[in-house]
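See structure below.
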Amino acid sequence: MNEAPLRLWRNAHIATLAGDPAASPWGALIERGALLARGEHIAWVGPEGELPRDIDVAEEHDLGGACLTPGLIDCHTHLVYAGSRAHEFELRLQGASYEAIARAGGGIRSTVAATRAADDETLFALTLPRARALMAEGVTSIEIKSGYGLSLTDEACCLRVARRVGEALGITVRTTCLAAHALPPEFEGRADDYIAAVVEWLPQLQAQGLVDAVDAFCERIAFTPAQTRRVFEAARGLGLPVKLHAEQLSDQGGAALAASFDALSCDHLEYLSAEGVAAMAAAGTVAVLLPGAFYFLRETKLPPIDALREAGVPIAIATDHNPGSSPTLSPLLMLNMACTLFRLTPAEALRGLTVNAARALGLQATHGTLEPGKRADLALWAVDHPRDLAYRFGGANPCRRVVSGGVDMELHS
């Protein structure tokens, strides 16, 4: 059987992000580096002067000294939805809280109504340019949650659209069932009955090949820890990993609960307790910080960054793209916000959108660093050093090329 042809990218300033960050936060920094890919996977990476001899390269790219990093991974998005919530933004500026708007029938429920009114093709047409916008800033892998359908039919629709996006763009898409996102109007006053319905839907959605992980929103305006536990027990019975929207608006003990199920990640975490930090550290659960939502909701309580660092909890960051609390499609802005708002270092922020984001999706064996055997997902940047990616904001997009599985992607929105 013939091997796939070799492709070569050379004359690049490479940051592999591989290895122990305490020893080298950027991984190997190779001033004049080269990378070989065979098929979808990296075959070799190192100094250009040490390229293996007698190799037969089918395709060669001179990168002109630009910076090469792993492709970015957006590990928390809600890309599939219809409608806008700009009016809620205006209400918040007039003094209404996110929680008050949700309790008055706005928030997630308003997006659910618009999403249910849209068919598959409409949702796909709305979602595809959002994913392309992320790709244009270096993203090669995306997690896409459901959660704006809140019925078996509509949740399945949203998850199908998410799968189609990955197929259409040739990038990695991980689908997460977030049916336990909010209480739909037809279940008003019957939260336990709704959770029972979600538990019945999960095996049906899994049987259709639509679910990679299960998420829930454990919060005063959403679901209790006991209700969240029921969803997680059902997921565990199906062999599905779990994630959790935890401690965003209050401390519900959700992070410790999720960690007891070996959760891939807990996300938001502004109100995370010391007990939650310890539980996440023991379970190896990733802390996914969402600076876009923190900024947009004008939150003032910071996640416990120092405690997470001291406990050795991996920190990822993501856009949390959604219409209500983080309508951004700029992972590069999230790098800057993670540094300016949460005081991450530029290296921590970039690792949060690569190495640790891969771990938050259970993809650490195949994604997130530039190493032989990993998927050849690359981002090429017109910057002198990877720290520049977090330093700049609001200017010209420095991303010049994205490669997914060894294939150059078209960058247009």
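Only this structure's heavy atoms are used, side chains among them; waters, hydrogens and symmetry mates stay out. Note that the numbering runs from 1 along the sequence shown for the chain.
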Measure the shortest side-chain to side-chain distance between V286 and V313 over non-hydrogen atoms and say whether it is less than 4.5 angstrom. no

Hey, is E143 close enough to R174 for a salt bridge, meaning N to O under 4.0 Å? no

List the steps, then state whether side-chain contact (heavy atoms from CB on, under 4.5 Å) holds for V277 with L308. CA-CA 6 Å; V277 172; L308 292 168; 4.1 Å; yes

Does any non-hydrogen side-chain atom of T285 lie less than 4.5 Å from one of D262? no

Return yes if some donor-acceptor pair links the side-chain N/O of T175 with the main-chain N/O of L159 below 3.5 Å, else return no. no

Restricting to pairs with a member in residues 236-259, which pass salt bridge (Lys or Arg N to Asp or Glu O under 4.0 Å), not counting sequence neighbours? none

Distance-only polar pair, side chains of R92 and S97, donor-acceptor under 3.5 Å: no

Charged N to carboxylate O under 4.0 angstrom, R309 versus E348? yes

Working for side-chain hydrogen bond (donor to acceptor under 3.5 Å, both in side chains), residues T77 and R130: CA-CA 10 Å; T77 82; R130 295 171 188 151; over 6 Å; no

Within the 4.5 Å heavy-atom criterion, are L169 and R132 side-chain neighbours or not? yes

Residues forming a side chain to side chain donor-acceptor pair (under 3.5 Å) with E219, sequence neighbours excluded: S250

Take D215 and V242, measure what side-chain contact (heavy atoms from CB on, under 4.5 Å) needs, and give me the verdict at the end. CA-CA 6 Å; D215 197 350; V242 301; over 6 Å; no

Who pairs with P225 by side-chain contact (heavy atoms from CB on, under 4.5 Å), at least two apart in sequence or on another chain? C218, Q252, L257

So that I can tick it off, tell me whether E270 and K301 are bridged by a salt bridge, with the cut-off set at under 4.0 angstrom between side-chain N and carboxylate O. no

In chain order, what residues pass the salt bridge (Lys or Arg N to Asp or Glu O under 4.0 Å) check against E121, with sequence neighbours excluded? R164

side-chain contact (heavy atoms from CB on, under 4.5 Å) partners for T366, two or more places apart: L363

Parallel, tilted or perpendicular: ring planes of H78 versus Y148, cut at 30 and 60 degrees: tilted

Qualifying residues under ring pair (Phe, Tyr, Trp, His ring centres under 6.0 Å), relative to H61, sequence neighbours excluded: W9

For a side-chain contact (heavy atoms from CB on, under 4.5 Å) check, start with the C-alpha distance between R163 and D212, then their side-chain angles and the critical distance, and finish with the verdict. CA-CA 11 Å; R163 284 276 192 250; D212 296 319; 3.0 Å; yes

Pick out which of D74, L123, L329 makes a side chain to side chain contact (heavy atoms under 4.5 Å, CB included) with L79. L329

With heavy-atom distances below 4.5 Å as the criterion, would you say the side chains of L244 and T228 are in contact? yes

Ring pair (Phe, Tyr, Trp, His ring centres under 6.0 Å) partners for H321, two or more places apart: Y81

Residues two or more places apart in sequence or in another chain: which of them pass ring pair (Phe, Tyr, Trp, His ring centres under 6.0 Å) with F217? H245

Shortest non-hydrogen contact from C339 to A349? SG-CB, 3.9 Å

Tell me the salt bridge (Lys or Arg N to Asp or Glu O under 4.0 Å) pairs involving residues 378-395, sequence neighbours left out? none

Minimum heavy-atom separation for A118 and A82, please, with both atom names. CB-CB, 4.2 Å

Residues passing the ring pair (Phe, Tyr, Trp, His ring centres under 6.0 Å) test with F296, sequence neighbours excluded, are F89

Name the residue from T172, T140, T354 that meets the side-chain hydrogen bond (donor to acceptor under 3.5 Å, both in side chains) definition with H367. T172

Using a 3.5 Å distance criterion without hydrogens, assess whether the side chain of Q227 forms a donor-acceptor pair with backbone atoms of T224. yes

Going by heavy atoms in the side chains, are C177 and L210 under 4.5 Å from each other? no

Partners meeting side chain to side chain donor-acceptor pair (under 3.5 Å) with E137 (sequence neighbours left out): S330

Write out all pairs satisfying ring pair (Phe, Tyr, Trp, His ring centres under 6.0 Å) with one or both partners inside residues 379-401, taking only residues at least two apart or from two chains. W26-H385

State whether the side chain of R351 and the backbone N or O of L17 hold a donor-acceptor pair below 3.5 Å, judged by distance alone. yes

Are side-chain heavy atoms of S141 and V173 found at a separation under 4.5 Å? no

Please determine whether a side-chain nitrogen of the Lys or Arg among R116 and E186 lies less than 4.0 Å from a carboxylate oxygen of the Asp or Glu. yes

Side-chain heavy-atom pair V45, I14 within 4.5 angstrom cut-off: yes

Scan side-chain atoms only and decide if T369 and K374 contain a donor-acceptor pair under the 3.5 Å cut-off. yes

Within a strict 4.5 Å, meaning less than it, do heavy atoms of the L290 and T319 side chains meet? no

